[in-house]
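A short write-up of the structure that comes next.
Every heavy atom of this structure was used, including side-chain atoms; hydrogens, water molecules and symmetry mates were not.
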Amino acid sequence: MKLDMTLVDRRGEAPVNLQVNKLVIAGWTGRDQATVEAHIAELEKLGVPRPGKIPTYYRCAASLLTTAGRIEVAGGQSSGEVEFVLLSVGGEMLVGVGSDHTDRELEKTGVTLSKQVCAKPIGASLWRFNDIAGHWDDLVLRSFAVADGARELYQEGPVTAMRAPADLLAGYGAPQLPDGTAMFCGTLAVKGDVRPADAFEMELSDPVLDRQLHHRYEVTELPVEG
């Protein structure tokens, strides 16, 4: 999958052509294991099967990645979730912001399948990991759900709610992210209920360097026939 992105660093902005050959969705990545276990138990009550291991690294088609401002989904049972995304280009790790948009009804049948049927939006701007590694724990994730014209804060919290990048890569079995790989790295609890939206906004905020990665996409529901 080829993506035309923009690399943003202290020197300014530069175009980068990203070739992604492998898409990995890391799930159950919370640092607090008691919280992770409580969430697993909560989802089990809704019919979502318990993961075989923690964290779990789900493989999805790289073609699902998109920087478009609109995606199409089957029916009205899908929703987004903000995540930081790790990518590797030429041996250098980059960081972006994405949404692991997932079909929640299908999730009860199989988590891997539920992730495979939805596009994975990602913002078109990226940061160098080395530029933020020293203050990684200060970064903040946020998302907003837009429904019926109302924009509401949907998720908000520090990246420290998820495992650190080095821990995620160790769990994946790679000392560094292989070239051509994109890894979504887990999400935060939502405010209220998990719910669909007409549009979803996501951001990764760096208060130290006073900058943000941001992306917004609209969701078009396709009819379910049979």
(request) Would you confirm whether Gln116, through its side chain, and Cys60, through its main-chain N or O, come within 3.5 Å as a donor-acceptor pair? (result) no
(request) To the nearest 0.5 angstrom, please state how far the CG atom of Leu204 sits from the CG atom of Leu141. (result) 5.5 Å
(message) Return the CD1 to OG distance between Ile71 and Ser99, rounded to the nearest 0.5 Å.
(response) 7.0 Å
(message) Going by side-chain contact (heavy atoms from CB on, under 4.5 Å), name the residues that satisfy it together with Ser125, two or more places apart in sequence or in a different chain.
(response) Thr6, Val8, Leu213
(message) Tell me if a side-chain donor or acceptor on His215 pairs with a main-chain N or O of Gly69 at a distance below 3.5 Å.
(response) no
(message) Same cluster or not: Val97 versus Val85, using hydrophobic residues (I, L, V, M, F, W, Y) connected whenever any side-chain heavy atoms lie under 4.5 Å apart?
(response) no
(message) Please tell me whether Trp127 and Met93 are part of a single hydrophobic cluster in this structure, the criterion being side-chain heavy atoms less than 4.5 Å apart.
(response) yes
(message) With a 6.0 Å cut-off (strictly less than), is the heavy-atom count around CG of Asp210, excluding the residue itself, greater than 12?
(response) no
(message) Using the side-chain contact (heavy atoms from CB on, under 4.5 Å) criterion, which residues pair with Asp138? Sequence neighbours excluded.
(response) His135, Pro207, Val208
(message) Is there a continuous path of hydrophobic side-chain contacts, each under 4.5 Å between heavy atoms, that joins Ile122 to Val117?
(response) no
(message) Does any part of the side chain of Ile25, heavy atoms only, come nearer than 4.5 Å to the side chain of Thr102, both counted from C-beta?
(response) no
(message) Restricting to side-chain contact (heavy atoms from CB on, under 4.5 Å), what partner residues turn up for Ala199, sequence neighbours left out?
(response) Val146, Arg216, Glu218
(message) With clusters defined by side-chain heavy atoms of hydrophobic residues (ILVMFWY) lying less than 4.5 Å apart, directly or transitively, does Val219 cluster with Val194?
(response) yes
(request) For Glu221, enumerate each residue passing the side-chain contact (heavy atoms from CB on, under 4.5 Å) test, keeping only those at least two apart in sequence or located in another chain. (result) Val73
(request) Using the test salt bridge (Lys or Arg N to Asp or Glu O under 4.0 Å), find all partners of Glu44 that sit at least two apart in sequence or belong to another chain. (result) Arg50
(request) State the CG-CD1 distance between Leu209 and Ile132, to the nearest 0.5 angstrom. (result) 8.5 Å
Acceptor/donor pairs from residues 13-23 side chains to any protein atom, 3.5 angstrom cut, sequence neighbours excluded:
residue : atom : partner : partner atom : Å
Asn17   : ND2  : Asp4    : OD1          : 2.8
Gln19   : NE2  : Asn21   : OD1          : 3.1

(request) Report yes if some heavy atom in the side chain of Val82 is under 4.5 Å from a heavy atom in the side chain of Glu203; otherwise report no. (result) no
(request) Report yes or no: does Asp179 contribute a side-chain atom to a donor-acceptor pair with the main-chain N or O of Gly90 at less than 3.5 Å? (result) yes
(message) Using the rule given for side-chain contact (heavy atoms from CB on, under 4.5 Å), can you reason through Tyr154 versus Glu201, listing the C-alpha separation, both sets of side-chain angles and the distance that settles it, and then say yes or no?
(response) CA-CA 9 Å; Tyr154 187 63; Glu201 298 179 30; over 6 Å; no
(message) For Pro196 versus Gly76, what's the shortest heavy-atom pair and its separation?
(response) CG-O, 3.5 Å
(request) Only counting residues at least two apart or in another chain, list the ones meeting salt bridge (Lys or Arg N to Asp or Glu O under 4.0 Å) with Asp206. (result) Arg211
(request) Indicate the atoms forming the closest heavy-atom contact of Met5 with Gly123, along with that distance. (result) CE-O, 3.2 Å
(request) Measure the shortest side-chain to side-chain distance between Pro121 and Phe200 over non-hydrogen atoms and say whether it is less than 4.5 angstrom. (result) no
(request) For residues Ala197 and Ala145, report the shortest heavy-atom separation together with the two atoms involved. (result) CB-CB, 3.9 Å
(message) Testing the 3.5 Å rule here: is there a donor-acceptor pair between the side chains of Gln155 and Ser143?
(response) yes
(request) Kindly compute the distance separating OH (Tyr57) from OG1 (Thr29), expressed to the nearest 0.5 Å. (result) 8.5 Å
(message) Same cluster or not: Val36 versus Val48, using hydrophobic residues (I, L, V, M, F, W, Y) connected whenever any side-chain heavy atoms lie under 4.5 Å apart?
(response) yes
(message) Do Gln77 and Lys108 make a side-chain contact, defined as non-hydrogen atoms from C-beta onward lying under 4.5 Å apart?
(response) no
(message) Clusters formed by hydrophobic residues whose side-chain heavy atoms approach within less than 4.5 Å: which one holds Leu222, and what are its other members?
(response) none
(request) Answer yes or no: is there a side-chain heavy-atom contact under 4.5 Å between Phe184 and Leu65? (result) yes
(request) Grab the two heavy atoms, one from Pro178 and one from Ser88, that are nearest each other, plus how far apart they are. (result) O-CB, 3.4 Å
Contacts under 3.5 angstrom, residues 156-175 side chains, donor-acceptor by atom type, not counting sequence neighbours:
residue : atom : partner : partner atom : Å
Glu156  : OE2  : Arg142  : NE           : 2.6

(request) Can you tell me which residue pairs pass the salt bridge (Lys or Arg N to Asp or Glu O under 4.0 Å) test with a partner in residues 117-130, sequence neighbours excluded? (result) Asp9-Arg128, Glu92-Arg128, Asp100-Lys120
(request) Answer whether the closest heavy-atom distance between the side chains of Val24 and Arg59 falls below 4.5 Å. (result) yes
(message) Taking side chain to side chain contact (heavy atoms under 4.5 Å, CB included) as the criterion, tell me which of Asp131, Leu86, Leu139 meets it with Val95.
(response) Leu86
(request) Nearest 0.5 Å please: distance from the CZ atom of Arg104 over to the CG atom of Asp193. (result) 12.5 Å
(request) Output every pair passing ring-ring contact (aromatic ring centres under 6.0 Å, His included) with a member in residues 76-110, not counting sequence neighbours, ordered by first then second residue. (result) Phe84-Trp136, His101-Tyr217
(request) Quick one: list whatever passes salt bridge (Lys or Arg N to Asp or Glu O under 4.0 Å) with Lys191, sequence neighbours left out. (result) none
(message) Can you confirm whether Ile40 sits close enough to Pro51 that some side-chain heavy atom of one is under 4.5 Å from a side-chain heavy atom of the other?
(response) yes
(request) With rounding to the nearest 0.5 Å, note down the distance linking OG1 in Thr66 to CG in Leu64. (result) 10.0 Å
